[in-house]
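What follows is one structure encoded as structure tokens, with my remarks underneath.
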Amino acid sequence: MIDYKKELNPEQYQAVTTIQGPVLIIAGAGSGKTRVITYRISYMLDSHIPQKNILALTFTNKAAKEMWERVRQLTGKKLTNLTVSTFHSFGAQILREKIHHLGYRPNFSIYDTQDQTELIKQCAKETNLHPELLNIGLIKNIISGIKTDRIQWTEENEVYQQVFLEYQAHLKAYHAVDFDDLIVLPNKLFSEQPNILEEYRNRYKYIMIDEFQDTSILQYNFIKQLAEKNRNICVVGDDDQSIYSWRGANYQNIMLFEKDFPERVEIKLEQNYRSVQTILEAANHLISHNTNRKDKKLWTGKEDNNKIQLIFVDDEKKEAEFIAEHIRTIVLKERAAYHQIGVLVRTNNLMATLENTLLQNNVPYKLSGGKSFFERKEVKDIIAYLRAILNPDDDISILRIINTPKRGIGRQTIQHIGDIATEQGISIYSAISSIRYAEDSPVSNTIKKTLDEFMAIIEDYNYRLNNTGSIAETIRELIDDINYFEYLLGEYRDNDNIARYKYQNIMLFTDLIERWEKDPDNLNPNLWSYLTKISLSSREDNTEESEKGKVNLMTIHAAKGLEFDHVFLAGVEDGIIPHQRAIEDDPSNIEEERRLFYVAITRAKQKLYLTTCKKRKIMREEKEQTPSPFLEEMPQHLITSEEPSQEMTEEEVDKLFADLKKRFSE
DNA sequence: AATTGGTGGATTTTT
DNA sequence: TCCACCAATT
């Protein structure tokens, strides 16, 4: 039995043991937030609350996974009925069970950003949108804003109204949903169908929300509906770490919660267990420049004399070299473990140089963020096949694969098929099927035959994936049947290695499916669940052994919730952080950029390094850079700055390392 | 009619 | 650096 009183501080103890009624926990950075949630779940189980009545929602898959794992270790129980998931996968789960009430099939496809972009382009074309107005990013924001009630139609954006309607209609016709729908549709079900809401209220009587400051209004409404009756809801958040407002996060939800659940118990966790005094003091000082925040005083018992290091270098190349070499030094000198080192950046494009340099210096690293394995073109092709096989009305997937590998179905043919589909209001797949029998069809007999073969593949594998043995094995046969490897060789005929590499990725993909399929803990090994799982985990979250022993290279956003002994923050320059674009959008975004900087520096447990370049290549151009203004918002006595260290030759570096090694062995 | 190769343009953060 | 669009070629 766990001695809760002994293992937790008084505030944490109160947070863990107050399981009836609404609770608001304001948890500063590093104050043991995850610990509180996991102990709280454990405490509930000890109080004989059934697993199936507990719902814990997080923001990222990584967090969900980690929480699950920690509860499992803490309790030693088999967690078969506990629900720990992200908002989006919880939404997907509800839709899987109930989406037929909205007229979709349960085999619906989930569109990621790429698919969404394709669809928007298609809709823009169909509505004859003026090419000058075609700004996909903007349209995406408007569509998302309207769907989630964040914005209204105005004179300015109403030109996109037609595209929006078209977009929505297409999704429905394709039996497809986008990321927003994963919250919008369950929310709609809850508000329109009281019996469904009642069913979920009875199931999930105890609800916990992690990273509450990152929830959107819509997500808030969703959980409010669910929790309103039983009122056992615990939200945990930190307004200082709200960094997703661009995606609809609304930290005012904390105030809404206070209003909607006035009987709440409020608990503040202010003791920081993560960082040393220096880092915490700098962070506190920095964040105090923000207005309109809940007052907090984070404190720690960890004294130290290490200052934050600020390093000036010439350009991004030198910056990367400094980081790579310094990592090698601290690994040798301070016996730091690679996986306890984090290299953080504001934007993905800063990662390329760092990556190359780490590679050259033999520093093992692991990326999170950036392109996911499942977003690689070759893998995405196969996924599109699988989606189309499960849901042939999914036009986006059909269009992606209809001529991949090349079968001789070109632009013209596709145009014809598309016209028929639009005229008759049917999907591309149905249109193909009707072309085959049409007397005056606009396509030649040769092409008809090709189309026949294409349909045969879809139908054949639809049957096989639903009825026969191993999913992974069937997919391998599919890849073989469509001659994908030959296609790759043709596409990259000037470089066999690329083709081989891509093919290996696909083989890896099928291996992943096989492992998932054979996992004894997997209660639901059907292909649809797998496709859903990977659509929702856009990032690679390796919890494999390979994760150990590697430096973590990631964006600040991706680093939220993580901690490292040593943190390098690269590109601490004006225009990068705060990001120029963010400020241009709205000068008040400076506060969010500051929170981002705050999140970055509070990832460090012991030592923090900030690097600033004098010049940097941005979009092919050399630009003179100036240090980030945030540097001046931290007490100067906590920071020591260095001019670039003299360049060392390869031999000198080797000699230094040899010396260090010698010192150790003495 | 399909494919290939060239040129120009663009890059915040993510479920 | 990578991707999308356009014109010439088979």
Side-chain angles (χ1 to χ4, degrees), chain A residues 57-64 85-92 110-114 116-118 121 131 134-137 140-141 144 148 177-184 211 214-216 218-219 242-249 344-353 355-356 368-372 374-375 377 403 405-416 442-444 446-447 450 490-491 493-494 532-539 541 554-560 571 575-585 589 592-593 595-597 599-600 617-621:
Chain A
L57 292 180
T58 65
F59 227 59
T60 62
N61 295 291
K62 208 179 217 158
S85 79
T86 63
F87 270 96
H88 289 86
S89 45
F90 183 58
I110 298 173
Y111 280 2
D112 62 21
T113 330
Q114 278 180 43
Q116 203 186 9
T117 306
E118 284 305 308
K121 277 187 200 159
L134 189 64
N135 175 341
I136 302 284
K140 234 183 255 181
N141 283 339
S144 173
T148 58
V177 303
D178 62 17
F179 281 134
D180 286 327
D181 284 331
L182 292 174
I183 315 295
V184 173
E211 306 283 12
D214 286 333
T215 50
S216 65
L218 197 72
Q219 286 167 328
S242 168
I243 55 177
Y244 283 98
S245 72
W246 50 274
R247 196 174 81 179
L344 310 187
V345 292
R346 169 71 236 261
T347 60
N348 279 307
N349 57 25
L350 300 181
M351 291 212 273
T353 318
E355 221 188 316
N356 288 333
S368 25
K371 255 186 244 103
S372 139
F374 301 109
E375 280 168 5
K377 188 185 168 305
N403 205 28
K406 303 237 164 16
R407 327 186 140 76
I409 302 177
R411 217 182 55 225
Q412 280 300 319
T413 314
I414 291 173
Q415 182 70 47
H416 286 313
V443 303
S444 71
T446 341
I447 290 182
T450 316
E491 286 290 287
R493 70 178 65 108
D494 40 339
T532 303
K533 184 176 121 87
I534 60 180
S535 324
L536 297 180
S537 72
S538 65
R539 292 220 248 91
D541 15 34
M554 57 178 73
T555 64
I556 300 171
H557 283 88
K560 183 136 95 102
I576 293 183
I577 184 161
H579 198 276
Q580 190 179 359
R581 188 101 166 225
I583 305 298
E584 277 168 8
D585 273 4
N589 282 337
E592 176 142 325
E593 295 292 309
R595 289 194 290 270
L596 209 42
F597 198 83
V599 167
K617 210 156 86 191
I618 298 172
M619 286 202 236
R620 285 220 212 102
E621 268 181 293

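Reminder, nothing fancy here: chain letters follow the sequence lines and each chain counts from 1.
One atom, NZ of Lys533(A), and another, P of dT15(B), lie 14 Å apart when rounded to the nearest Å. Atoms CD1 (Ile576(A)) and P (dT13(B)) sit 12 Å apart, rounded to a whole Å. For the pair Asp214(A) CG and dT13(B) C1', the interatomic distance rounds to 12 Å; values are reported in whole Å. For Met351(A) and dC2(C), the CE to C1' distance is 15 Å, given to the nearest whole Å. Between the NE2 atom of His88(A) and the C1' atom of dT15(B) there is a distance of 4 Å, rounded to whole Å. For the pair Tyr111(A) OH and dT15(B) C1', the computed distance is 18 Å after rounding to whole Å. For Gln114(A) and dA4(C), the CD to C1' distance is 14 Å, given to the nearest whole Å. Rounded to whole Å, atom C1' of dT14(B) lies 11 Å from atom NZ of Lys140(A).
Dashed line: the shortest gap from a side-chain N or O of Asn349(A) to OP1 or OP2 of dC2(C) is not under 4.0 Å. Residue Ser535(A) places none of its side-chain N or O atoms closer than 4.0 Å to OP1 or OP2 of dT15(B). Side-chain N/O atoms of Thr413(A) include one lying less than 4.0 angstrom from OP1 or OP2 on dA2(B).
Checked against dT4(B), dC5(C), dT15(B), the side chain of Lys406(A) finds its nearest nucleotide in dT4(B). Side-chain proximity of His579(A) to dT12(B), dT3(B), dC5(C): nearest is dT12(B). Here dT12(B) is the nucleotide among dC5(C), dT12(B), dT15(B) with the atom lying nearest to any side-chain atom of Asp585(A). Distance from the side chain of Thr347(A) is smallest for dT12(B) among the nucleotides dT12(B), dT15(B), dC5(C).
Within the nucleic acid shown, Phe59(A) comes within 4.0 Å of sugar-phosphate atoms alone, with no base atom in reach, counting heavy atoms only. Contacts of Asp178(A) with the nucleic acid, taken as non-hydrogen atoms under 4.0 Å apart, are absent. Using a 4.0 Å heavy-atom criterion, one finds that Asn403(A) contacts the sugar-phosphate atoms exclusively.
Using the six-membered ring where Trp is involved, Phe87(A) and Phe59(A) have ring planes that are perpendicular, over 60° apart on the 30 and 60° scheme.
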Q.
Between Thr113(A) and Lys140(A), does the side chain to side chain contact (heavy atoms under 4.5 Å, CB included) criterion hold? Intermediate values first, please.
A. CA-CA 9 Å; Thr113(A) 330; Lys140(A) 234 183 255 181; 3.3 Å; yes
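The base of dT13(B) lies close enough to the side chain of Arg346(A) for a donor and an acceptor atom to sit less than 3.5 Å apart. Side-chain to base pairing of Arg581(A) with dT12(B): no donor and acceptor N or O lie closer than 3.5 Å to each other.
His88(A) contributes no side-chain N or O that, together with a main-chain N or O of Leu536(A), makes up a donor-acceptor pair within less than 3.5 Å.
A residue-by-residue look at Ile447(A) and Leu596(A) shows that Ile447(A) has its nearest nucleotide of DNA chain B further toward the 5' end.
Here the shortest heavy-atom pairing between Asp112(A) and Phe179(A) reads CA-CE1, 3.9 Å. Nearest heavy atoms, Ile576(A) versus Glu593(A): O-OE1, 4.4 Å. Minimum heavy-atom separation, Ser245(A) to Glu592(A): OG-OE1, 2.7 Å.
Evaluation of Tyr244(A) against the base of dT14(B) yields no stacking contact (centre distance < 5.5 Å, interplanar angle < 30° required).
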